[in-house]
Amino acid sequence: MIDSASLQPGRQPFLDGSVICLAAPSFALSPRDGQLRGTGVDGFYDQDRRLLHTLRLLVDGQEPEYVAHRPEGSEEAFFRAMCRSSEDPTSAPLLLVARERAVRRSDIAESGDVVLLQNVGPRAARFTVSVVAATDLADVATIKSGFPADDIPCERVEGVVPAVRWHSPHDNSEVVLRAEPDPLTGGGPTPEITLDEKRPGLAEFRWELWLEPEEEWSVKLLVQPKTTTVAGYPVPPRQRAPWGQVEVAGHERMAGLLTRGLADLEALRLAERTSSAEERENQFVAAGCPWFLGLFGRDSIWAARMMLPFGTGLARGTLWSLAVRQGMEHDSFTDEAPGRILHELRPAETRHGDGMVLPARYYASVDATPLFVVLLHEAWKWGLAEEEVKLLLPYARAAMEWVADAMGPDDLISYGKGRVDGLLHQGWKDSPDAIRDAEGRRVDPPIALCEVQGYAYQAAIGFGELLTALEGETEQAELWRERASRMRAAFRRSFWAEGPDGRRYPAIAVDGSGRPVTGMASNMGHLLNSGILHGDEEHRLVAEALMSDGLRTPWGIRTRSVHLAGFNPFSYHGGSVWTHDSAIAVHGLATTGFIDEAAALLTGMLDAAEHFDYRLPELYAVYPNSRFGQPAPYPPSCRPQAWAAAAAALLCSAMLRVDADVPDHRLTLRPIAPSHMGLKSPYAVRGLRLGERFVDVYVDLHGRTEVVGIDNEEWRIDAGGSCTI
C-alpha cells in the first residue's frame with residue numbers, strides 16, 4: 001500500500017494512487033485501504049493545514065486485510081476489509097471491517113471515519129480494537145516539498161466523549177480527535193486512551209470487545225480543527241453552486257466527463273465571507289487539490305471562462321473575489337503593483353523548498369491581469385447584468401493601466417526577474433525549466449510569452465468595446481484599439497519562427513534580446529481565439545503545428561515537442577499533456593474552422609477521460625512511441641483540478657461551436673456533426689444559459705440544429721443549418 005517513491009525526503013509526494021475526499025477547503029487523502037500511516041500525503045486537511053497524518057486501525061495488533069474501496073461522490077469514500085483467523089484453514093473471514101469516510105466543510109459538520117465491525121465467525125469472540133493517531137499540523141507547502149515535519153505533542157481532553165488534542169505553539173492551530181460511540185450498535189465499552197511517552201505526539205484509543213456471532217460494533221472518529229488564517233480569507237460556501245446543471249444526451253462519454261467535471265467543481269467551491277446566509281455570495285473555484293486549494297487568479301479565471309455557457313454566476317464571484325484584492329501599491333516582496341491581479345492567496349506565508357518563500361498574498365503572474373479583463377468582457381457577452389459589469393469596470397480600468405505599464409518599447413508584454421526566492425516564471429508554465437529553446441537551454445527572464453500577447457490583445461479589444469457600449473468613452477476605446485493594433489503588429493514581427501523542416505510557427509516566447517525562443521510548444525494553441533493572429537494563413541500554420549507529430553498525441557497536445565532536446569513526457573511543462581491546455585486547443589481549432597482537427601483531438605481527449613474514469617487530471621504523460629498504449633498518470637498532479645474539471649465544459653462548447661452576444665440578442669451555433677465524432681445518433685445539450693434564459697440545443701446526424709428556449713423574434717439565431725423553435 002505504501003509507495004516508497006513518495007517517501008524520499010525532498011521529493012514531492014505522489015498522489016495518483018490516493019483516494020481523495022474533498023469539500024473545499026477540507027479534504028482527506030489515503031491509500032486505497034483507507035489507512036492513514038503518516039507517510040507521503042496521508043491525512044485529513046483543512047485550510048491548507050494537515051490535521052491528522054496518522055489514523056491507523058488495528059484489530060488484535062494487526063491491520064485488517066484490504067478487500068475493496070468505492071468513492072461516493074466527491075466528499076465520501078467507503079473502504080472494506082476483513083480479519084481472518086490463523087486457526088481457520090479456509091480463507092473465510094472471522095471479522096468484516098467497514099470504514100466510511102466523509103469530508104465536510106468545517107463550518108457545517110465534522111470530517112471523520114465511521115468504523116464498523118461485524119463478527120461473521122461461528123462463535124462469540126473477543127477482539128482488541130485500537131486506533132492510533134498523530135499529526136504534524138504541517139502546511140501543504142511543507143508536505144509538497146517532501147521534507148518531514150516534527151509531530152505535535154498530544155494531550156487528553158476531559159469530557160464525556162473520549163478525545164485527544166494536538167496544539168501547535170507556533171500559531172495556536174490545533175485539532176481534536178473524538179471517539180463517539182454509535183448508538184445504532186449499542187455504544188459498547190469506553191476506550192482506554194494511551195499517550196506514547198517515547199513519541200509524545202502519538203495517541204492510541206483501545207477497546208476490548210466481546211462480539212456474539214453476527215453482532216456489530218461501530219465508532220465515529222471525528223476530526224475537529226481550529227486553524228489560523230489571514231484576515232479576509234475565503235470560507236466554505238453556504239449557497240448552491242452558481243451555475244446550472246447542463247446535461248448532454250446522445251454522447252455518453254461527453255456526458256460522463258461533464259457530470260464528473262461539474263461534481264469536482266462543486267467540491268472545489270469557496271466563497272467570500274458574508275454577513276448573513278441570505279446575502280449573495282461571491283463564489284469561485286479553488287485551483288486544485290491538494291497543492292493549490294485556494295484562490296489562484298489565472299486558474300480561477302480560466303475555470304470561470306470555461307463555465308460561461310453554463311451561467312455567469314461563477315464569473316461574477318471570481319471577478320469580485322479578485323477585484324477586492326487588486327493591487328494598490330508597489331511591494332517587492334509580494335510583487336504587488338497598482339492594478340495588478342492576484343496570482344495566489346494562501347492562509348499564511350509558505351516555504352516551498354529549494355529556498356522559495358511565497359507570501360500569503362502573491363501577485364507574480366503576468367497573465368492574470370489581462371485575463372481578468374477578458375473574463376469581464378466575455379461574461380458581459382454571455383449575459384452578466386449590465387449594472388454588475390459597470391461596477392466592475394473601474395477594476396478593469398486599473399488592470400488595463402497595469403497592462404499599459406507592462407508594455408515595453410517593443411509593444412510586447414513581458415516580465416522580468418523577480419525575487420530570488422520567488423517564482424522565476426510568471427506564465428502558466430511557471431516551473432524553473434519551463435521556458436527552453438530547441439536545444440534544451442533554459443531561457444530566463446526578461447521574457448515575453450506568446451499566449452500573454454494574445455490575452456493582452458483580447459483584453460484591449462474587449463475593454464474598448466466595454467468603454468464604448470457602457471460608458472460612451474469613444475476616445476479611450478480608440479486608444480485601446482490603437483494599442484491592440486500595435487500589439488498585433490509586434491507579435492507578427494517578433495514571434496514567428498521557422499523549424500528545421502521549414503514549418504513556420506509562433507515561438508513560445510521572445511527573450512530579453514528580442515529573439516524568438518525556438519522549438520514548438522503548446523502555448524500557441526491559446527492564440528487561436530485571441531484575435532491576435534492575422535488571417536486564415538496564420539491560423540492554418542498554428543493548426544498544422546498543433547497537429548504535427550511532435551505535439552499531438554492520441555490523447556492530447558504535448559507541452560513541448562517530442563523532437564526537441566530536453567523533452568520528457570513526465571516533465572511538468574516540458575513534454576507532459578495538460579488537460580486545460582489541450583481543451584483550449586480543441587476549442588480554438590473548432591471555433592476557427594478546423595473541424596476535422598478539433599474532432600480528432602476531442603475524440604482523443606475523451607479516450608483519455610475514459611482511461612481516467614472520466615476525471616481528467618491536471619496533467620498526464622504520453623510515452624513518445626505510444627507502446628504504453630494509454631496515457632500514464634503524472635503521479636504528483638492535482639485531482640481534482642479546477643481548469644481540468646472545467647475543461648469538460650469547454651469541450652462541450654467546442655462540440656457546439658457556440659458563441660453568444662446577449663446584449664445584442666445574438667446566438668451562433670456551428671455544431672460538429674455526430675459522424676465527425678464517431679457517433680451514430682443525434683446528440684443534445686440541455687440547460688445552457690443566455691443571461692436569465694435557459695436554452696436547449698439538439699443536433700441531428702448531419703449537424704443541423706434545433707434551438708429551444710429563445711425565439712427568432714427577439715433573438716438572431718445563426719445555427720448554420722436548419723433552426724426550429
Side-chain angles (χ1 to χ4, degrees), residues 15-16 18-27 29 71-75 103 236-237 240-248 253-271 283-311 313-315 317-318 375 428 555-556 576-587 602 605-606 608-620 631 633-634 636-655 685 687:
L15 299 171
D16 60 300
S18 296
V19 178
I20 300 172
C21 299
L22 169 67
S26 303
F27 61 95
L29 298 168
E72 190 70 20
S74 298
E75 299 182 1
V103 167
R240 57 180 293 184
W243 58 79
Q245 289 300 311
V246 176
E247 296 179 351
V248 174
R253 297 202 300 171
M254 182 67 81
L257 180 63
L258 186 60
T259 299
R260 187 60 180 266
L262 292 177
D264 283 342
L265 290 171
E266 170 90 19
L268 286 166
R269 290 180 303 133
L270 289 171
Q283 292 189 23
F284 61 90
V285 287
C289 178
W291 312 128
F292 311 112
L293 200 59
L295 177 61
F296 277 66
R298 175 194 307 123
D299 302 58
S300 299
I301 287 171
W302 260 114
R305 286 186 70 189
M306 293 173 176
M307 289 288 288
L308 280 171
F310 295 9
L314 182 62
T318 303
L375 175 59
W428 79 264
W555 303 287
S576 59
V577 176
W578 282 66
T579 294
H580 87 285
D581 191 35
S582 293
I584 289 169
V586 172
H587 188 258
L602 171 60
M605 291 193 69
L606 291 174
E610 191 171 7
H611 171 73
F612 289 113
D613 196 26
Y614 292 101
R615 174 186 271 173
L616 279 169
E618 178 185 16
L619 68 155
Y620 46 97
Y634 178 84
S637 67
C638 288
R639 289 183 304 118
Q641 203 259 4
W643 58 16
L650 188 63
L651 291 174
C652 189
S653 298
M655 180 176 71
V685 180

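We count residues from 1, following the sequence as given.
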Enter the distance from [X]:[atom1] to [Y]:[atom2] here, rounded to the nearest 0.5 Å.
{"X": "L262", "Y": "W243", "atom1": "CG", "atom2": "CH2", "value": "7.0 Å"}
{"X": "C652", "Y": "E247", "atom1": "SG", "atom2": "CD", "value": "11.5 Å"}
{"X": "L602", "Y": "R253", "atom1": "CG", "atom2": "CZ", "value": "8.5 Å"}
{"X": "Q641", "Y": "L616", "atom1": "CD", "atom2": "CG", "value": "11.0 Å"}
{"X": "R615", "Y": "T579", "atom1": "CZ", "atom2": "OG1", "value": "12.0 Å"}
{"X": "W643", "Y": "R305", "atom1": "CH2", "atom2": "CZ", "value": "11.5 Å"}

Are [X] and [Y] packed together at the side-chain level, in the sense that at least one heavy-atom pair is separated by less than 4.5 angstrom?
{"X": "V685", "Y": "M655", "answer": "yes"}
{"X": "E618", "Y": "F292", "answer": "yes"}
{"X": "P617", "Y": "Y634", "answer": "no"}
{"X": "L375", "Y": "L308", "answer": "yes"}
{"X": "I584", "Y": "M306", "answer": "yes"}
{"X": "H580", "Y": "W428", "answer": "yes"}
{"X": "W555", "Y": "S582", "answer": "no"}
{"X": "F284", "Y": "L295", "answer": "yes"}

Non-hydrogen atoms of [X] and [Y] that approach each other most closely:
{"X": "R639", "Y": "S18", "result": "NH2-O, 3.0 Å"}
{"X": "L270", "Y": "L293", "result": "CD1-O, 4.3 Å"}
{"X": "S74", "Y": "A263", "result": "OG-O, 3.4 Å"}
{"X": "L268", "Y": "C289", "result": "CD2-N, 4.4 Å"}
{"X": "P237", "Y": "A271", "result": "CA-CB, 3.9 Å"}
{"X": "A303", "Y": "L314", "result": "O-CD2, 4.3 Å"}

TODO: Report the residue from L15, L22, I20 that forms a side chain to side chain contact (heavy atoms under 4.5 Å, CB included) with P290.
DONE: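 One option only clears the test, and that one is L15.
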
Task: Qualifying residues under side-chain hydrogen bond (donor to acceptor under 3.5 Å, both in side chains), relative to R269, sequence neighbours excluded - done: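 Applying side-chain hydrogen bond (donor to acceptor under 3.5 Å, both in side chains) to R269 gives E266, Q283.
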
Task: S576 side chain to Y620 backbone, donor-acceptor under 3.5 Å - done: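 Judged by distance alone, no pair lies under 3.5 Å.
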
